[in-house]
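Within every chain, numbering begins at 1; the chains are lettered A, B, ... in the order of the sequence lines, protein sequences first and strands thereafter.
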2 protein chains.
Amino acid sequence: MDENNKGRQATIPPSMNERPTLKTIAFMTGLGITTVSRALKDAPDIGAETKERVRLVAKQVGYQPNRAGVRLRTGKTNVISLVLSLEEEVMGLTSPMVIGISEILASTPYHLVVTPYSSSKDALVPVRYVLDTGAADGVIISRTEPKDPRVALMMERNFPFVTHGRTDMGLAHPYHDFDNEGFAYEAVKRLVDLGRKRIALLQPPPRLTFHRHMRDGFDRAIRDFGVETIAFNTVDIDNTLVEIRAAFETLMRSPDAPDGIVSGSGAAAIALIAGLETVGKKLNQDIDMVSKVPSDFLSWLRPEVITMNEDIRHAGRELAKAVIGRIAGTPTEELQSLSKAV
Amino acid sequence: MDENNKGRQATIPPSMNERPTLKTIAFMTGLGITTVSRALKDAPDIGAETKERVRLVAKQVGYQPNRAGVRLRTGKTNVISLVLSLEEEVMGLTSPMVIGISEILASTPYHLVVTPYSSSKDALVPVRYVLDTGAADGVIISRTEPKDPRVALMMERNFPFVTHGRTDMGLAHPYHDFDNEGFAYEAVKRLVDLGRKRIALLQPPPRLTFHRHMRDGFDRAIRDFGVETIAFNTVDIDNTLVEIRAAFETLMRSPDAPDGIVSGSGAAAIALIAGLETVGKKLNQDIDMVSKVPSDFLSWLRPEVITMNEDIRHAGRELAKAVIGRIAGTPTEELQSLSKAV
DNA sequence: CAAGGCTACTGTATCGTTACAGATTTCTCA
DNA sequence: TGAGAAATCTGTAACGATACAGTAGCCTTG
């Protein structure tokens, strides 16, 4: 078309008004597009002075690589996908989580995409979607199960991911987890320190991995301190608050009501409090309670409850670092971490 | 390269193992890539039977358009960007918001990307980023100000967006807002119904638009019901809980302590409760409180507080519908909505 | 001083899609 | 019957980036 169109890549001067591309820089520096591309990624076969010049111009014009271009050519999406359940959303745990992840991603080229699934039986759907469409470079999942099919799938495909919570499949993968074993042990200890001897646990659903952890810590403490376990298995922290309250009322009215209770979730603790107050019992008198909480609002309203804080924002940060590490090839052992209550 | 390479687009049979593209379908149907592309978007110049055939094959092989390809060619990203503050995050409001948005986007080709900014003075940064890089097709922002520079910028560039909260710039744009005027009016009314006469308001920071709305509703009710306003302007709902408690303690100890208080935020209400209980006052006796809350946990622990629920998840849904509508060209008037407390 | 090697740079093809400008065949109607 | 319209279909180029396979010039080295 154009007479100038021979022997040179960047012939048509790109308009100043539009978003600068490699072509823009190539035109401005008089270099080839390839050279500019390689200069910007500090390739060894480009002269030092040229690199400097290219970097300068790129900065001047505010060059930012076109994500679609990179993605199409290389397959790299620069996206981290956070897989979320729309249903089992409890007391806004995802909020600080998203914040924490964002904090870390902000200083990287990664974007955070939220990929939801609606019912727990569809948990595999978003994972499959990401795998099949290459929608992200890495995935973050929560609510892990001992034998987690999502983990199995991503391991099999060698796809970078990190879990919030551990698994038990004999497969090493990046994770971040809260030390629920330690939490439960310490919680019982605190109750024992207050002279409590008949202790119940409101635990996570058996399906999830941390059920075992919390249970183990609890049971170990019960043995170590020689106190008694009061069974409370009719509900778990995934039940509705109304159900939890009802169940706890029943328990508190029964002859073997506990004098200490450990709550695996802050939201559930609210229901427990409501339940015991309904039957006329009082915290610090008839019963003491220790609860894992994601924020400190509970201690504002019921300072009688002993709270142990799970820092979800911190978890978000750790998870983000771990996926990125996994993508970058950091050995798995360095991408596994546990948090204690703070 | 290949002898077959003449006169036909899709010559090399795409491997069955890889992700299907238009080329795959073209090969399988014996049609041209262009035809397949146009058939799938139901273009008028493609035969009915051909369309049917293409659709069938596409479904069979599980074809999903490559987002990078579309984005590169058309500029359409199929991304909605939720702009979030990392700092002013109050009591997990973003969580149900994200869920609500996701619910709507799930049945569309849109993905949700979270784009954070760290300090309120940088609120323009993510918006500029999206505008400059074309990172999204639409933006959702919160914490609007009467003269909001983000809104001005996006309006000027004619970029699709929706605000959570209104503005006051004489520019019509899509928004969803909670009816804070109505909330405050109703809140005062409830206090008056309980016989309260000296009423304070813990309001949003004056910078934000809904400060005016809440203030107006409050003031109107004060006039209508002929009761007295007790000034409480030393803090607002963006202060820390500790600051709010301290300020409220001071107020409650002063000679003109209020006998009714309206809280513009559920988190702040916790601090208010703590403050008044510290000075030995009792809810329902010395003072009554109405609070706007994002969830119902407050009524579990302090049923004495009258709560009015702001359904953030619903707001998320409305916002998502509004941006999509804006992108699709729906008239602005149809994309503005207000929610009452539920 | 020729052969080979090194340094610095560049063109082409390609990723998957779509806009656009044809191309081919069949149909219509004067 | 033949010209033009209508109905279908198709190739090429382009979006922005990068992998790859060069090329040109200069420097060694025997």
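The CD atom of A/E18 lies 9.0 Å from the OG1 atom of A/T21; values are rounded to the nearest 0.5 Å. Atom OG in A/S118 sits 9.0 Å away from atom CD in B/E103 (nearest 0.5 Å).
Between the side chains of A/T167 and A/T144, no donor-acceptor pair is found at a separation under 3.5 Å. Between the side chains of B/K121 and B/S119, at least one donor N or O lies within less than 3.5 Å of an accepting N or O.
Across the protein-nucleic acid pair, B/I33 atom CD1 and C/dT14 atom C1' stand 13 Å apart, rounded to whole Å. As rounded to whole Å, 12 Å separates atom C1' of D/dC20 from atom CG of A/D45. Taking atom CG of A/L31 as the reference point, atom P of D/dT18 lies 16 Å away to the nearest angstrom. Between B/R53 atom CZ and D/dT8 atom P the separation is 14 Å, expressed in whole Å. The CG-P distance, from A/L40 to C/dC9, rounds to 13 Å in whole Å. Across the protein-nucleic acid pair, B/L22 atom CG and C/dC15 atom C1' stand 13 Å apart, rounded to whole Å. Spacing between atom NZ of A/K76 and atom C1' of C/dC15 amounts to 17 Å, rounded to whole angstrom units. Protein atom NZ of A/K41 is 16 Å distant from nucleotide atom P of D/dG16, rounded to whole Å.
Of the two residues contacting DNA chain D, namely A/T74 and B/G69, the nearest-nucleotide position lying further toward the 5' end is that of B/G69.
Applying a 4.0 Å cut-off to non-hydrogen atoms, none of the residues of residues 126-136 of chain A approaches DNA chain C. For the segment residues 56-67 of chain B, the set of residues with a heavy atom within less than 4.0 Å of an atom of DNA chain C comprises B/Y63, B/P65, B/N66, in numerical order.
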### Query
So A/D132 and B/R19, salt bridge (Lys or Arg N to Asp or Glu O under 4.0 Å) or not? Walk me through it.
CA-CA 7 Å; A/D132 289 348; B/R19 181 168 173 208; over 6 Å; no

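Under 4.0 angstrom from either OP1 or OP2 of C/dG11 there lies no side-chain N or O belonging to A/T34.
Two residues are said to be in side-chain contact when any heavy atoms from C-beta on lie closer than 4.5 Å; B/I141 and B/M154 meet this criterion.
Relative ring orientation between A/H176 and A/H314 is described as perpendicular, the plane-to-plane angle rising above 60° on a 0-90° scale split at 30° and 60°.
No donor-acceptor contact under 3.5 Å links the side chain of B/R73 to the base of C/dT17.
A salt bridge is absent between B/R150 and B/E145; no separation between the charged side-chain nitrogens and carboxylate oxygens falls under 4.0 Å.
Take B/Y110 and apply the ring pair (Phe, Tyr, Trp, His ring centres under 6.0 Å) test, not counting sequence neighbours, and it matches no residue.
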